[in-house]
There are 6 protein chains.
Amino acid sequence: MQAFTHLDSKGQAFMVDVSQKAVSTRQATATALLQTTSQVIQLIEQQLVIKGDVLATARLAGIMAAKQTSQLIPLCHPLPLSQVQVHFQLDQNKGQIRIQCCCKVTANTGVEMEAMTGVCVAALTLYDMVKAVDPALQISDVQLLEKQGGKSGLWLAPHLQKETADA
Amino acid sequence: MQAFTHLDSKGQAFMVDVSQKAVSTRQATATALLQTTSQVIQLIEQQLVIKGDVLATARLAGIMAAKQTSQLIPLCHPLPLSQVQVHFQLDQNKGQIRIQCCCKVTANTGVEMEAMTGVCVAALTLYDMVKAVDPALQISDVQLLEKQGGKSGLWLAPHLQKETADA
Amino acid sequence: MQAFTHLDSKGQAFMVDVSQKAVSTRQATATALLQTTSQVIQLIEQQLVIKGDVLATARLAGIMAAKQTSQLIPLCHPLPLSQVQVHFQLDQNKGQIRIQCCCKVTANTGVEMEAMTGVCVAALTLYDMVKAVDPALQISDVQLLEKQGGKSGLWLAPHLQKETADA
Amino acid sequence: MQAFTHLDSKGQAFMVDVSQKAVSTRQATATALLQTTSQVIQLIEQQLVIKGDVLATARLAGIMAAKQTSQLIPLCHPLPLSQVQVHFQLDQNKGQIRIQCCCKVTANTGVEMEAMTGVCVAALTLYDMVKAVDPALQISDVQLLEKQGGKSGLWLAPHLQKETADA
Amino acid sequence: MQAFTHLDSKGQAFMVDVSQKAVSTRQATATALLQTTSQVIQLIEQQLVIKGDVLATARLAGIMAAKQTSQLIPLCHPLPLSQVQVHFQLDQNKGQIRIQCCCKVTANTGVEMEAMTGVCVAALTLYDMVKAVDPALQISDVQLLEKQGGKSGLWLAPHLQKETADA
Amino acid sequence: MQAFTHLDSKGQAFMVDVSQKAVSTRQATATALLQTTSQVIQLIEQQLVIKGDVLATARLAGIMAAKQTSQLIPLCHPLPLSQVQVHFQLDQNKGQIRIQCCCKVTANTGVEMEAMTGVCVAALTLYDMVKAVDPALQISDVQLLEKQGGKSGLWLAPHLQKETADA
């Protein structure tokens, strides 16, 4: 099994040298699941009816956080993101919100961390607005869904690979 | 059911007025679970033997992110944090890392978001270091464990309330 | 006429000592005017009908910028803002948007700069979204409307003083 | 009339994809007008005689803010600015300062927002230093003067187009 | 000899709890020495004659960096600085610039790191402007000169204690 | 002797235009010396035995600061760093720590300031952790060791040039 790429032979952290990697268009999508109650989802949907800012606030927080990834994650490279999108899908029955963040860049390293950071901060922002109503809200299932570009090409999360294989 | 505290009657987001709330010492602890493989946990433990920086890197990222919470979460108040701690517990059998972040402040609003942000960014930093080995890593079970101080006093996560009731 | 408070006798900039000023609750409101076209205002209002994010985006940008004021304005003191609000008023006939930002703090110095920064960044964010449609948009009439608290007490902008005197 | 480029068909904000736009050298110049009193301009000019930091402070604040544009304006792309300049022109008779900010980049999107942000923060910094003397100071006439580069080529503000046409 | 205050018994870094420390007015002054050539000092002095921005730029960079200390130094507490000053003393014969930064706060922990950070970033900014002329410039003698306030009261750097004792 | 590159003919600071400079891979290494006592070095080495975070904390602070250079140093260009490394060498006899920071980029301007900033903030972070034990600690000998790439090619610090010439 391969060793950690961010540690040298003495175990010391460093920002890896990506200057020899090829510049290409790279993309990554991450997801997260917010588990709250049906009532909270109902409240959010009522807000949407009166054009309330709940989802807009979380969406912008996610987009802005994706742009700050290299300042939050110590060993991440600063990247000139060319696109960031954050989407939400509400399920009132299950009391859930599914969040998705997709990032794109033309650079010599990938944008997985940007997508993961965007999805986490969007989830945290929802929690901030919902916590007075449901302090027990949980964020789970934060994971990378897929990434494209670079030497390794397309990568799909295990449960998506199965779906693809089954299809 | 009460409405969202961060939205006015027209559904517009704003930073709520906390100037009339009492200043007291407040504390909050949040947690997250990293689901990876036994091999990854073994790799991290081998790094610790040679004093590798894996956990130290994630710990510092979590501490520094907690201090930046009001710049990441749009409607959070800037707070003069008086303490931040991040801890990890490794379970090689289950391939898991349990993360915990505890924040403290003397102010007129609580530090739940700081603890939640700290735990998320520590988890994201671990993902950044582990993703070359296990890109399918999942972050789950991000939630508040407890908070103290302020008008509402002690709050415990539902599963901890049960434990307390059972004891 | 009094000299500049932010320059010493040699004309050198410094962050003035506010440690001897009394802590009190202070508040400030600033305004700005966006001059665009009737068509743009119509477009924004159409977006609002479909719950579009135009005003929500500008509102959040203004709130977040108010919190970053001391990092943007070199000689400003860092302040633990207790409230920030940003409001918009659209006038389709005149093709105008009136922006207002109100900030509050309990501290030993005022929040005029936070309100002024909030209103400017909200205006810049609107410009960013509108510029593809109306690159000639102008921001004008950026000024303080009123401030309260501290030794100097209530201050009103000249045109509001007149109104008050007339009433 | 074209729709907003920063909103999708549902009106949701996103950072637009610029990865397919051509990389070219782009430039933008913005302006702002500070309306204060003759006495304030006289005070600033006296400071300049003793080498006071008034204009230097505002100039640096503008330059540094231009570099932070993508962190202030939610849907702006991070850009590796290759040049930023801020200039002032004082008119004692009118009690005015005309500010100009010019930015340059080699990238796949323009620098209008950087020039607009630079000019606004320079103006806010002047206001911060002048407000103890003239709290009624107004910032007006914030607009783009010209931009070059990219697919759309040269763009001039309407009043400059007329001048060009008249010449 | 006492152990490190920022490490727990397992050697893990954390932000120490200052919530029980008394709030008092605290002050710290740090210094640094820039060793360059007589010609560079002469160039700077010529710039000052034409009101050039060399020292103003370094002064503002130092002041702004002092305000960002808690975001640069991982285990530092965020502090509401009430004053920051940066001064320079040029010695053309020795080709030296002596920098001094003084910070003040009313809080439950001291401002040594803010003064040290301010002096370092002012020195780095001078280096940035001078490096095309003298890339071999050295920064040395970065140290705390004195601090006041808090439980430990007045502290003087060793060489100042001697001077005081000798007097 | 050449004039300052960051000042125009009126002595006004600006961010110089690098858009015409060639893009190449550039590298720079800076150093700093921490002078403390043998006991402190012994304490740090004891911490390392129990895997304490002292050096890891300073290393990460240096790496993260290098990425923030253009926000700290007013006239620095934002650069997409491709590598950052920070190393320490302890000398218990002399009570010294030698710090080294190496940065790399593929861009049209060099990374000297990033290496210098990284080494300074790593030193400041060590001071923060050591100051309770040795408040008189000094940082000295902060200088550029070498830089490569760009039009000027390889540059070595004067004392290294001699060594090379002697060899």
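All values reported here derive from a predicted model rather than from experimental measurement. In what follows, every chain begins at residue 1, and chains take the letters A, B, ... in the order their sequences are listed.
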(message) What part of A157(B) gets within 4.5 angstrom of chain A, counting heavy atoms only: side chain, backbone, both, or neither?
(response) neither

(message) Taking 4.5 Å as the heavy-atom cut-off, does anything in residues 139-150 of chain B contact chain A, and if so which residues?
(response) I139(B), S140(B), D141(B), V142(B), Q143(B), L144(B)

(message) Below 4.5 Å, heavy-atom pairs only: which of P135(A), C120(A), S152(A), A122(A) has the largest tally toward chain B?
(response) P135(A)

(message) Sort by residue number and list every residue of residues 63-97 of chain A having at least one heavy atom under 4.5 Å from chain B.
(response) A65(A), Q68(A), Q71(A), L72(A), I73(A), P74(A), L75(A), C76(A)

(request) Can you check whether anything in residues 20-29 of chain A gets within less than 4.5 Å of chain B, heavy-atom wise, and list it by number? (result) none

(message) For a quick test of reading the model, state the closest non-hydrogen atom pair linking W155(B) to A136(A) and the distance between them.
(response) CZ2-N, 3.9 Å

(request) Taking heavy atoms only and a threshold strictly under 4.5 Å, list by residue number the residues of residues 102-116 of chain A that touch chain B; give 'none' if the list is empty. (result) E112(A), M113(A), M116(A)

(request) Look up atom CZ in F14(B) and atom CG in D53(A), then write down how far apart they are to the nearest 0.5 Å. (result) 11.0 Å

(message) Ignoring hydrogens, what is the shortest heavy-atom contact between K131(A) and H6(B)? Give both atom names and the distance.
(response) NZ-CE1, 4.4 Å

